[in-house]
Structure formats: C-alpha cells, structure tokens
Amino acid sequence: MSRRNELNPRQLEAVEHYEGPLLILAGAGSGKTRVLIERIVYMIEEKRVRPWNILAVTFTNKAAKEMKMRIEKQLGPDAKNVWMSTFHSFCLRVLRRHAEVLNYDKNFVVYDTTDQRTVVKKILKAMGLSDKVYKPQSILYHIDRAKNHGLTVEDFASDGDYFLQKVKEVFIAYQAELKKNQAMDFGDLIVSVLRLFGKAPEVLSEYQNQFHYILVDEYQDTNKSQYTLIKLLCDKWHNICVVGDDDQSIYKFRGAEIQNILDFQIDYPNAKMIRLEQNYRSTQNILSAANAVIRGNDKRMGKELWTENGTGDLIKVYTGHADRDEAHYVCAMIKSYQEEYSLGEMAIFYRTNAQSRSLEDELRKQKINYRIFGGIKFYDRAEIKNIMAYLKSLVNPADSIAVKRILNVPLRGIGKTTVGKIDDVATQQDKSFWDVLCSIGSPELDLNISAAATSKIQEFVQLLKDLNKARAELSLDDFLPHLYDKTGYWQMLVDEKTIESESRKENLTELGNVIDDYLSDSEDANLEAFLDQISLASDVDRLDESPEFVNLMTVHLAKGLEFPVVFLVGMEEGLFPHSRSIDNPEDIEEERRLCYVGMTRAKKKLHMSFVHERRLFGTVQYQIVSRFMDELPSEHTSLLGELEAPTPKPRYSEQRYVSKKPFTTRKKVAPRGGSEREIDYEYAQTDQQPFKRGARVSHAVFGAGKITHIEGGGDKMKVTVEFTQGMTKKLLMKHANLKFMS
DNA sequence: GCCCGGTCGATTTTT
DNA sequence: TCGACCGGGC
C-alpha cells in the first residue's frame, strides 16, 4: 500500500519526477528520507524499474540500513536487490570484484586512521625525517586531501614547495607500503575505483549500463572524487537524483565540497530543482531563529523553513558565570522536564568533545543517566583493535601492521629489537613481515635472534596457522571465543584484575554480540565480509534509541538526528565558532551552518547557553558570547529569568531584569574581519543590594537559599549560598542574578 | 623487554 | 587538565 497520498505537493513532485537530473534541496526536517524511499518505491512499483538497476548512495551505514529496511517493508524481499550502500562500501564491493586489475589481492584490507598514522611514522623513520617537523597528522592531511580531490600520487604537485616535496616523497613510500601490505585507506577506496574505471573502461560501462537510476543522499557532503565517481556512473542514463542541503554542509575539513551542490545545475544543465521547505520536526520559533542565523551566510542557495507545527516555546537562553554553572543549569532543566519527557528524548550538544567533562561531572553528581557518543570509539579501543588485528592477520597475513600489532600481545617476550631486525630483513629481501616470521629458525636465515625469541616466534607462527585451521572448521560465532582462548588474550585480562580489564572483557563480549548480529542479518556470512563491514562501520551506526539516558554528543554527530529537548551549550566565541575558524570567513560560514544544524535538531524545546569563564586545558579562559547568539532575533528567545525557573519555582513574582537581551549589547569596534575585535560587554545587572550574611535569596535555577558567606567587593564580590534543595554554591554576585526574598 | 616519568600538545571526524 | 609518546633506567 502506497502512502504517497500523505505527501505534500513538493514532496510528491520529487517522488514522481522520473527521468533526467534532479536536485532536491531538502531543508532540515523536511522529510527527505521519506521522499527518497517513496521515490524508489514509486520507480519499482509504478515504473517497473528493476531493483538492481537502482543505486542509492548514503553517507552512513545507519542511513543505508534504515532506508533498506523501510523499502523492504513496502516492497518485500525484492527491495534487497536495490544497490543501497555508502560510498565506501559501494567502492569496496566493486574493488573486491576487480582488484586484480589494479594488481591488488582480493583479500586486501582497509586501513583506518590509526593504521595510516603507523605507516607514515614508519616511513618518516626510514627516511630519517623528524616527526616534529613532518607531523604525521599534517602529512596525512595532504595525502587525504589529494585523494579527496581524486588525485593519485603522480598527480600530487609540490609547486616547488620544499615541505610539499617531502610530503610527496612520503606519499610515494606510503602508497608502496600499503600496496605491500595489501591494504587501502578510506580515500584509496574511492580513488581506486576511479583508477579502475580509467584502466578498464569495459568495467565502467558494465556499471554504467547497470545503474539506470542513481540517487545520492547528503550531496552537500560529497568530495571531489565522490563527485567524479557519480558523474562517471550516471554518464549513460543521466538519471541522477541528488538530495542535500547546502546549509547543512559541515564536513569541509574532510574534503566535502559545498560547491558540488551549489553547481549541480551547472553540471547538469537541464536539471530540475525542487525545494522542500516545509518542516515537520520543529516549532516555528525554533525555525525562525535558525533561519535568522543561517541568513548570515553569503554562499547559499537560499531557503526558509516553515512549519504548521505551531509557534511553540521561545528558545531559552541561559548565561552563567562558569562552565560548572552551565552544567548545573542543564541538569536542573533536565530534571524539570523529566515528567514530560524521557531522558532519551533529551540531548546535549557541544562543539568539542572536551566540553563533555563538566557536564558529565554534574550529571553524575545529580544521578542523571547519560550516554556519550563519539570520543573513544568502540572500534578504536585497544582490545577490539587487537582482536581485529588477529582476525585481519588470518585473512591477510601481508598486513604487517596487523601482524606486528599482535606479535607481542599478550606479552610473549618478543620485543622492539627483534621486531626491528625482522623488519630490516623484510625490507632488504622485499618480503612481507609475515613471510620473514615464517622462515625464522631455518638455517639459511641468520638474524642473530636469541634462541628464546626464536622459539617464541615459531610458537606465534604456529598459533596463527592453527587458528586459520580452526577458522575453516568453526562457525564465526564459535570461532571468536576459540580465538580469545587460544591466543591467551582473555586469560591476560582475567589475570589483570583491574577495573579496566573488566571493561575490556565486556567489550570483547560485546564484539561477540556484534558478530551474532552480523550473522543474523547476512546470508553469506564469513570472516572476510565481517571485517569489511567492521572496517567501514562507525560509532553512530551503533546508536540506538534508549529512553533511559540523556544523549551527549558533538554537534557534528547530531546531524541527521532529532530530539524533543535540545541543549546547545558553550555558545562562546572561540568555542563556537571555534578559534581555528575565526579569521577565515569561509570557515565561519561552516561554523554557522553547524550552529544551524544543532538548532534544527530540536523538536519542541531548544536551549542555548554560554558562560563567562570556562576551564580549558587546565587554565581559565574568559569567554565572550558567540556572535551566533547575536543573530537570534529577540522575539524568539527568552532569557533565563523571564522564564519559569525549574524546580522549585521561586516564590517571588517581580522580575528585575532591565534589559531584555543583555548579552547582545556589545559594540563592534572593528566591524568586519578585524582580527582584534574590541568588544564591550555588558551583563544583566541586578540592583546593588546590601547583601549580608543570613539574607534569604533566590536563584533562578537553584531556587531559594540563604547566604552563608561573603567575600570580595564590587565586581569581584562572591557569596556562598546554601540552597534549600541541599547544595551549596559559591557565586559571583555580578553574574548570579540573585533576588532578595523578604 | 618493560616500566615509569617527563614533555608536548590539544577541533569537528558520516567512511 | 589529561592523554599519548618517547627515552632512560632497571
């Protein structure tokens, strides 16, 4: 049964557009996923398009999975034949089939960022370059950037720049090393397909013939090489439909080119454009405010979100003294919402991961359950990486990064010196690390390795060989425990008996669950395919809805999600917008988009907050309110103090706030682009009152209390207040906005 | 081979 | 402030 009649006219137009290039400019919350799904269903059901002639590309596995599920629900098992995947998994699928064209082994592995770093470091060492001058991160930035632009090593131009010349040398050695290890990094996956298509035009035309219809989601986040890939693939039929929102392009630092979406109508001259501006997620207040913020950007196609959801609450703006107060405020608010919303319906967004700490401290103190996303990823945990390295070594022993990683884990007494010797031989004889390992102890190879180490290595080689035998005999879910056991890894954790080792064990158990999940929803399950899936998986993919936890994440991670209650914290210059983007107008625009993304996640209640002092890297930073706060029209915001304070409601009624928007009264002395922005900042002032010990006061967040201590004077006056709720706080008079209660 | 202690540096991160 | 990383000492 089609639900197409529930679509609005614009959405319907997008769904029923059939042939030729189409750009769907889909604002936040405008139901674009639905449109994509209905469009695919429409093509298959009404236009009798065969599922395998459709390619749909998304950016996250989560999005791909969800779309697949929803299409299957409408179409049945036929939907399985639609090619629905991320850019990277699509490329991996293609490469597994045609790897030999590029002289690669079919069992090549995918290297993640950590592996990349390891390789670069090794090369720097071999080339005698200091990793202080040639920071691996910086080198990898250039390598990744080149690949994002669709360039291979040969194309990499140093423009006579000495540093870039060295980068190029490292780049060349890096690619050679990857090749030797039968590995590709994320960027390679895309570039290699481009190379494959260049080298074997017949393969390209095979895919061109197959994909009559191509859909690309989040088009604003494609990079140059992804753009080229799509352009090639749709060159025969020109049935390309891209969906995106230029206002939500927030991954420039990863090579995303907003220009791709801005130029779509130039690239595909007869392209039709459909704007989806009706929002089904948020209230009008939230949308109007978000519209106003994003209007500050120059480079955009222009779009105004609107909704029939009603005006809704004003955006609550909180200003506090220190980060602690902000955390306190957020927690108080969360508690006050708990009757109306579950914890899982609330989320706190911040610009940088480091900000989560003060929030976490307070959440713990107040016994509010929370979950945090990002930070250390599941698959980045040492124990998971180690086990994965075992699995990778079994599938592809040429992967010397993996083999070296586990050679001495658990500790086998095979140390750095030994590894170094083996490495040297491997380089000299142009053999893989594993091959050298295998020949250790044989008479023709004298490495000057101690007898003890030699026998340890032989045991290790035997271990992997045994494991590979067992792998053939056991199913994947039986094999993993077997591996935990035979390697001694589990025992090692048992012996450790620390809190960390306990959590490591839990993670390993969780990895078992991941395998079970994997086995239950894929037919041709094998270790190779499992590794592929894991190497392309991310943490967000594991994000499920749980009602018992408040969600904490960076604004980046929040993209694509929605919550009834949202707290956007740390709205301060230098943090949001981040200091690294402050003197580049283009970067500021990206920060503004990020702010827009954060705001438009909120369905009902949006809170934005900033403080004047924040502990960062151990020192106190004095903060200035974010320019984005200035861009919020005052008619859509309410300052804390004008709004009903959370539990408990103060007993006073009169409002003392003189200025409606005290935080905006700053003078811009250097109006545009001036690096030193002189800012005069005013705070909401309470009338000066003769505060004395014992005075009963009221605070908008903490409620009623009693002053127990006073120190300092003038602007520096601090009071200690014992609140009736139980906590005691030291507050700076100037910012605390305390009210007297008679 | 391994452990410890000083130094340095520190956005965001769908794959 | 906190962690990763390296080099020296055992």
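Residue numbers begin at 1 in each chain, while the letters A, B, ... track the order of the sequences.
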Quick one: [X] [atom1] to [N] [atom2], roughly how many Å, whole number?
X	N	atom1	atom2	result
A:L92	B:dT14	CG	C1'	16 Å
A:R254	B:dT14	CZ	P	6 Å
A:K559	B:dT14	NZ	C1'	7 Å
A:K32	B:dT14	NZ	C1'	11 Å
A:K135	B:dC8	NZ	P	12 Å
A:Q355	B:dT12	CD	C1'	11 Å
A:D115	B:dT13	CG	P	19 Å
A:E572	B:dT11	CD	P	17 Å

Where each residue is assigned the nucleotide of DNA chain B containing its nearest heavy atom, which of A:V419 and A:D221 is assigned the position nearer the 5′ end?
A:V419
Quick check: on DNA chain B, is the nucleotide nearest A:T113 upstream (toward 5') of the one nearest A:G413, or the reverse? Name the residue that is more 5'.
A:G413
What residues form a side chain to side chain donor-acceptor pair (under 3.5 Å) with [X], not counting sequence neighbours?
X	result
A:D532	A:R96
A:K32	A:D217, A:E218
A:D115	none
A:T86	A:S89

Residue [X], side-chain atoms from C-beta onward, closest of [options]:
X	options	result
A:L411	B:dC2, B:dT14, C:dT1	B:dC2
A:L557	B:dA10, B:dT14, B:dT12	B:dT14
A:R615	B:dT14, C:dT1, B:dT12	C:dT1
A:R351	B:dT11, B:dC2, B:dT14	B:dT11

Using a heavy-atom cut-off of 4.0 Å across all strands, would you classify [X] as base, sugar-phosphate, or nothing?
X	answer
A:T418	sugar-phosphate
A:N408	sugar-phosphate
A:E591	base
A:F87	nothing
A:L616	nothing

Need the glycosidic conformation of B:dT11: syn if within 90° of 0, anti if not. Which one?
syn
Stacking check: are the rings of A:F253 and B:dT12 less than 5.5 Å apart at their centres and under 30 degrees in tilt?
yes
Centroid distance below 5.5 Å plus an interplanar angle below 30 degrees: do A:H556 and B:dT12 meet both conditions?
no
[N] phosphate, OP1 or OP2, under 4.0 Å from [X] side-chain N/O:
X	N	result
A:N353	B:dA10	no
A:R580	B:dT12	no
A:T554	B:dT13	yes

Cationic tip of A:K179 within the cone over A:Y104's six-membered ring, i.e. under 6.0 Å and within 45° of the normal?
yes
Under 3.5 Å, which protein N or O atoms sit close to an N or O of nucleotides 5-10 of chain C? Give each pair with its distance.
unit_1	atom_1	unit_2	atom_2	d
C:dC5	OP1	A:R117	NH2	3.0

On the 0 to 90° scale, with breaks at 30° and 60°, tag the A:F186-A:H88 ring pair as parallel, tilted or perpendicular.
perpendicular
Charged N-O contact under 4.0 Å between A:E66 and A:K62:
no
If we ignore angles and hydrogens, is there a donor and acceptor under 3.5 Å between the side chains of A:S455 and A:Q458?
no
Tell me, which pairs form a side-chain hydrogen bond (donor to acceptor under 3.5 Å, both in side chains) where one or both residues lie in residues 127-140 of chain A, sequence neighbours left out?
none
